[in-house]
Amino acid sequence: MKNEPFYKETTILFESVSKHDFDTLAALCDDDFGIVDLDEEGKNVIIEDRQGWENWFKTLFSRLKGGNARTYTDILKYKALKENNLGYSVVNFDQHLIANGQHLVFNCVTTIIWKNTDRGWKESRWHCSLIQVRPFEIDA
C-alpha cells in the first residue's frame, strides 16, 4: 500500500483530521469539485465550495475539541492510479471516534480525485461512503 501513488498524501489528510490541524489539511486540499463527507453520526454532508469546506472543518474541529473527542484512522485497503496531471485513489478505512465514554468505528470507502497543480498534488474531490458503524471491541 505504502508504495501506491498518493498514499503519503492520504495519510497526511487523515492525520490532519485526527490532530485538528486545519492549516495542513487546507494546504493539501483544493476541493474545487466539493466534497461528500460524513458527520460524527455517519450522516452525509455535501459541501460544494471552498467557503463551505472551510466552515465545515473549522466547525467539526471545534465540536471535536469541545467534546474532548479523539479520532484516528486505520487504512485497510488502498489502490491508486496516477497520470501526468490527474489521479485517483480508493481507500477503505476505519475511522475511530472516541467520545462520551464510547469508542465507535466507522468503516468507510472514499474516492479521492487528485490533481497536479503548480503547488504539487492536491486533493480535488473527496467522496466518502459509510459501510458500517460498530462499537470498538478488543479482540480476546
Side-chain angles (χ1 to χ4, degrees):
M1 279 192 301
K2 294 181 180 182
N3 294 327
E4 291 277 340
F6 315 112
Y7 186 83
K8 179 181 176 185
E9 292 87 347
T10 300
T11 61
I12 292 170
L13 292 174
F14 288 131
E15 288 170 5
S16 298
V17 171
S18 292
K19 294 177 181 177
H20 310 153
D21 182 352
F22 179 83
D23 293 337
T24 300
L25 185 65
L28 190 54
C29 298
D30 273 356
D31 287 314
D32 45 1
F33 291 106
I35 69 172
V36 177
D37 207 355
L38 301 173
D39 67 13
E40 303 96 313
E41 297 175 358
K43 296 178 184 168
N44 286 7
V45 176
I46 299 171
I47 301 159
E48 298 186 19
D49 58 24
R50 183 62 182 208
Q51 187 61 48
W53 183 94
E54 290 183 10
N55 292 341
W56 162 245
F57 278 103
K58 287 178 180 176
T59 301
L60 175 65
F61 291 168
S62 176
R63 286 197 326 251
L64 290 171
K65 286 179 187 177
N68 293 320
R70 292 187 307 118
T71 65
Y72 66 92
T73 305
D74 293 324
I75 296 174
L76 306 173
K77 295 180 186 174
Y78 184 91
K79 292 285 188 183
L81 292 175
K82 180 179 179 181
E83 297 294 332
N84 291 335
N85 294 314
L86 196 63
Y88 72 92
S89 53
V90 177
V91 188
N92 176 247
F93 63 96
D94 281 344
Q95 179 68 46
H96 295 256
L97 173 64
I98 304 163
N100 301 321
Q102 292 186 322
H103 184 156
L104 297 176
V105 181
F106 297 81
N107 179 249
C108 303
V109 173
T110 191
T111 302
I112 308 170
I113 305 297
W114 298 91
K115 69 176 181 180
N116 196 2
T117 72
D118 58 355
R119 298 168 284 125
W121 286 94
K122 303 290 180 188
E123 176 204 292
S124 183
R125 173 71 173 177
W126 169 279
H127 189 129
C128 190
S129 298
L130 178 64
I131 306 302
Q132 178 187 37
V133 180
R134 65 186 188 279
F136 180 75
E137 296 180 13
I138 299 173
D139 294 331

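Since the structure is predicted, the reported quantities are computational estimates derived from the model, not experimental observations.
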S.K.: Please round to the nearest 0.5 Å and tell me the distance separating atom CD of Q95 and atom OG of S18.
M.R.: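 Q95 atom CD to S18 atom OG measures 6.0 Å (nearest 0.5 Å).
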
S.K.: Out of the candidates R125, E123, R119, only one should pair with D30 under the side chain to side chain contact (heavy atoms under 4.5 Å, CB included) rule; please name it.
M.R.: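 Of the listed options, the one satisfying the test is R119.
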
S.K.: Do the non-hydrogen side-chain atoms of Y7 and I75 ever get within less than 4.5 Å of each other?
M.R.: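 When only atoms from C-beta onward are counted, I75 and Y7 do touch, with a gap below 4.5 Å.
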
S.K.: Return the orientation label for the H96 and Y72 ring planes: parallel under 30°, perpendicular over 60°, tilted otherwise.
M.R.: parallel

S.K.: For S124 and W114, which I'm curious about, is there any donor-acceptor pair between the side chains at under 3.5 Å?
M.R.: no

S.K.: Roughly how far, to the nearest 0.5 Å, is the CD1 atom of I98 from the NE2 atom of H103?
M.R.: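 H103 atom NE2 to I98 atom CD1 measures 4.0 Å (nearest 0.5 Å).
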
S.K.: Please examine the side chains of T24 and L28, heavy atoms only from C-beta on, and report whether any two atoms are closer than 4.5 Å.
M.R.: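 Counting from C-beta outward, L28 and T24 never come under 4.5 Å.
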
S.K.: Mind checking whether F93 and T110 have side chains closer than 4.5 Å, heavy atoms only?
M.R.: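 In short, these two side chains touch, coming nearer than 4.5 Å.
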
S.K.: For R70, look at atom CZ and say whether over 12 heavy atoms of other residues, nucleotides or ligands are found less than 6.0 Å away.
M.R.: no

S.K.: Atom CG in N3, atom NZ in K8: separation rounded to 0.5 Å?
M.R.: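 Separation between the atoms: 13.0 Å.
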
S.K.: Would you mind reporting whether W56 and I35 have side-chain heavy atoms less than 4.5 Å apart?
M.R.: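 They are in side-chain contact.
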
S.K.: Take atom OH in Y88; do more than 12 heavy atoms of anything else shown fall under 6.0 Å from it?
M.R.: no

S.K.: Side chain of Y78, backbone of P5: donor and acceptor closer than 3.5 Å?
M.R.: yes

S.K.: Any heavy-atom pair between the side chains of V17 and F57 that's under 4.5 Å?
M.R.: yes

S.K.: Hey, which of V91, V109, N107 is the one that makes side chain to side chain contact (heavy atoms under 4.5 Å, CB included) with L76?
M.R.: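 Of all the options given, the one that passes is N107.
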
S.K.: Looking at every non-hydrogen atom in both residues, tell me the closest pair between C108 and L38 and how far apart they are.
M.R.: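 Shortest heavy-atom separation between C108 and L38 comes out as SG-CD1, 3.5 Å.
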
S.K.: Which value, rounded to the nearest 0.5 Å, describes the distance between E9 atom CD and S89 atom OG?
M.R.: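 These two atoms lie 9.0 Å from each other.
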
S.K.: Anything under 30° is parallel, anything over 60° is perpendicular, the rest tilted; go ahead and classify F6 against W121.
M.R.: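 Plane angle over 60°, so perpendicular.
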
S.K.: Within a strict 4.5 Å, meaning less than it, do heavy atoms of the F33 and I113 side chains meet?
M.R.: no

S.K.: Identify the heavy atoms of N84 and N116 that sit nearest to each other, and give their distance.
M.R.: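 Smallest heavy-atom distance, with atoms named: O-ND2, 3.2 Å.
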
S.K.: Where do T73 and L13 land on the side chain to side chain contact (heavy atoms under 4.5 Å, CB included) test, with the steps shown first?
M.R.: CA-CA 10 Å; T73 305; L13 292 174; over 6 Å; no

S.K.: Cluster question for you: counting only ILVMFWY and a side-chain heavy-atom cut-off of under 4.5 Å, with indirect links fine, are L130 and V45 together?
M.R.: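 As far as the 4.5 Å side-chain criterion goes, V45 and L130 are connected within one cluster.
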
S.K.: Check for me whether the distance between the ring centres of F22 and W53 falls short of 6.0 Å.
M.R.: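 Centroid distance F22-W53: below 6.0 Å, so yes.
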
S.K.: Atom CG in N92, atom CG in D74: separation rounded to 0.5 Å?
M.R.: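 Reported value, rounded in 0.5 Å steps: 11.0 Å.
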
S.K.: Any chain of hydrophobic side-chain contacts (each under 4.5 Å) joining F14 to I12?
M.R.: yes

S.K.: Would you call V36 and C128 a side-chain contact if the rule is heavy atoms closer than 4.5 Å?
M.R.: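 When only atoms from C-beta onward are counted, C128 and V36 do not touch, as no gap falls below 4.5 Å.
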
S.K.: According to a hydrophobic-cluster definition based on side-chain heavy atoms being under 4.5 Å apart (Ile, Leu, Val, Met, Phe, Trp, Tyr only), do L81 and V90 belong together?
M.R.: yes

S.K.: Would you give the length of the straight line joining atom CG of L64 to atom OG1 of T59, rounded to the nearest 0.5 angstrom?
M.R.: 11.0 Å

S.K.: Can you confirm whether R134 sits close enough to D94 that some side-chain heavy atom of one is under 4.5 Å from a side-chain heavy atom of the other?
M.R.: yes

